[in-house]
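One structure is given here, and the rest of the page talks about it.
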Amino acid sequence: MGEHDGLAELFETYRPHLRAVAHRMLGTGGEADDAVQETWLRLSRSDVGGVANLGGWLTTVVSRVSLDMLRARAARREETAPGPYDLVGDDQAGDGAGDPEHEAVLADSVGRALLVVLDTLAPAERVAFVLHDVFAVPFDQIGPILGRSPVAAKKLASRARHRLRGRPEAAGAEAARHRRVVDAFLTASREGDMEALMAVLAPGVVRRADPAALPPGVPTVVRGARAVARETVVLGRRARFAEPALVNGAVGVVVAPRGRLLLALALAVEDERIAEIDVVADPVRLRALDLALLV
């Protein structure tokens, strides 16, 4: 076996870790694979004979590659994305979006809500948080990756942590009740259970939606529990991409195939039932939302 073959074999032992780091930083499997491949190319061109900790060296490289990709992504934010209905409703969408098993693995290993909220952070904040809070990399190693001091890197991670947690409007028992209502709504939506949906929706519930979230011909406003439940059953396949999150301080839902936000549901809960549903799909409105994790 040649030296290059031996290096490639050694790299494969680190690949799962490197992909996990890149996936949490970048949010998609395709981009994570690209970052890992670029890391291999840099390794293959480098003399690492004197590197005492190859795993740490590779983590640093994949982090820098991911940071560059995040910065490039931020620079092209103004590009128009496909309509949420087109992507969420397309079972043939790429990158495993139409594969329920793939989506379940993504949700279990990372969490769509976490990926969505991470995407609201500045690139340096995201890298600092992921490396320290998820992978326990010390700040004296994170600082050089970001071109900052360890103290500055620690502040970036702290700022990210604060933004991820948000400020819920409801607290304690009230927040827990709202979470149970939203969980019940999502479960009923996934199962297409009309009776369960009727039980969790207020009789006079109002559903408002941006046109981009709806198929042609569906009204932007629907009123009444039966009408909203019936529509939810028809469009319920989206629910497999959904996860609870804080939306503008209240318990709501993010819908994120492949961990990328396509729409959000801002919900008003009254007397243990959902009284209002605002389906946000317009890119400008999505960017204006205050999204945070439920903790």
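For the atom pair Arg64 CZ and Asp68 CG, the distance stands at 9.5 Å (nearest 0.5 Å). Rounding to the nearest 0.5 angstrom, the gap separating the CZ atom in Arg148 from the CD1 atom in Ile142 is 12.5 Å. Atom NE2 of His178 sits about 12.0 Å away from atom CG of Leu294, to the nearest 0.5 Å. If you take CG on Leu18 and OG1 on Thr13, they are separated by 9.0 Å, rounding to the nearest 0.5 Å. With values rounded to the nearest 0.5 angstrom, Gln141 atom CD is found 7.5 Å from Asn53 atom CG. Phe185 contributes atom CZ, which lies 5.0 Å from atom CD1 of Ile274 (distance to the nearest 0.5 angstrom).
Through direct or relayed side-chain contacts under 4.5 Å between Ile, Leu, Val, Met, Phe, Trp and Tyr, Val206 connects to Val221.
Following chains of ILVMFWY side-chain contacts shorter than 4.5 Å, one cannot reach Leu131 starting from Val151, and the two form parts of different hydrophobic clusters. Under the 4.5 Å side-chain heavy-atom criterion for ILVMFWY residues, a single connected hydrophobic cluster contains both Trp57 and Ile145. The cluster map of Ile, Leu, Val, Met, Phe, Trp and Tyr, joined by side-chain heavy atoms under 4.5 Å apart, puts Met198 and Val181 in different clusters.
With sequence neighbours excluded, the residues satisfying side chain to side chain donor-acceptor pair (under 3.5 Å) with Asp33 are Arg19. For Arg161, the side chain to side chain donor-acceptor pair (under 3.5 Å) partners are Asp133, not counting sequence neighbours. In this structure, the ring pair (Phe, Tyr, Trp, His ring centres under 6.0 Å) partners of Phe139, at least two apart in sequence or on a different chain, are His132. Qualifying side chain to side chain donor-acceptor pair (under 3.5 Å) partners for Asp193, counting only residues two or more places apart in sequence or in other chains: none. Partners of Glu31 under the side chain to side chain donor-acceptor pair (under 3.5 Å) rule, at least two apart in sequence or in another chain, are Thr28, Arg73.
Counting heavy atoms from C-beta on, the side chains of Val127 and Ser66 never come closer than 4.5 Å. Within the 4.5 Å cutoff, no side-chain heavy atoms of Thr59 are placed close to those of Phe135. Side-chain contact between Ser189 and Arg238 is absent, with no heavy atoms from C-beta onward closer than 4.5 Å. You'll find the side chain of Asp34 stays beyond 4.5 Å of the side chain of Glu38, heavy atoms only. Looking at Val65 and Val36, their side chains never come closer than 4.5 Å, going by heavy atoms from C-beta outward. A heavy-atom distance below 4.5 Å is found between the side chains of Ile277 and Leu201. Residues Val247 and Leu265 have side chains not in contact (no heavy-atom distance under 4.5 Å, counting atoms from C-beta outward). Counting only heavy atoms from C-beta outward, the side chains of Leu261 and Asp119 never approach each other to under 4.5 Å.
Within the 3.5 Å criterion, the main-chain N or O of Thr120 finds a donor-acceptor partner in the side chain of Arg163. In this structure, Asp210 contributes its side chain and Asp282 its backbone to a donor-acceptor pair below 3.5 Å. For the pair Arg45 (side chain) and Trp40 (backbone), a donor-acceptor distance under 3.5 Å is absent. Listed for the Asn248 side chain is no donor-acceptor partner under 3.5 Å among the backbone atoms of Leu289. The closest donor-acceptor contact from the side chain of Arg126 to the backbone of Met25 lies under 3.5 Å. In this structure a side-chain-to-backbone donor-acceptor pair under 3.5 Å is present from Glu243 to Arg112.
Within a 6.0 Å sphere centred on CZ of Arg167, heavy atoms belonging to other residues, nucleotides or ligands number 12 at most. Counting non-hydrogen atoms of other residues, nucleotides and ligands closer than 6.0 Å to CD of Glu12 gives a total above 12.
Closest non-hydrogen pair, Leu267 versus Val251, comes out as CB-O, 3.9 Å. The heavy-atom pair separating Arg24 from Val134 by the smallest distance is CD-CG1, 3.6 Å. Of all the heavy atoms in Val61 and Thr39, the pair that sits closest is CG1-CG2, 3.8 Å. The heavy-atom pair separating Leu293 from Leu246 by the smallest distance is O-CD1, 3.6 Å. Considering every non-hydrogen atom in both Pro150 and Asp140, the closest pair reads CG-CA, 3.8 Å. Residues Leu286 and Ala281 come closest through the heavy atom pair CD1-O, 3.6 Å.
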Go through Leu58 and Phe11 one step at a time and tell me if the side-chain contact (heavy atoms from CB on, under 4.5 Å) criterion holds. CA-CA 9 Å; Leu58 290 170; Phe11 180 80; 4.1 Å; yes

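Between Arg179 and Asp183 there is a salt bridge, since a side-chain N of the basic residue sits under 4.0 Å from a carboxylate O of the acidic one.
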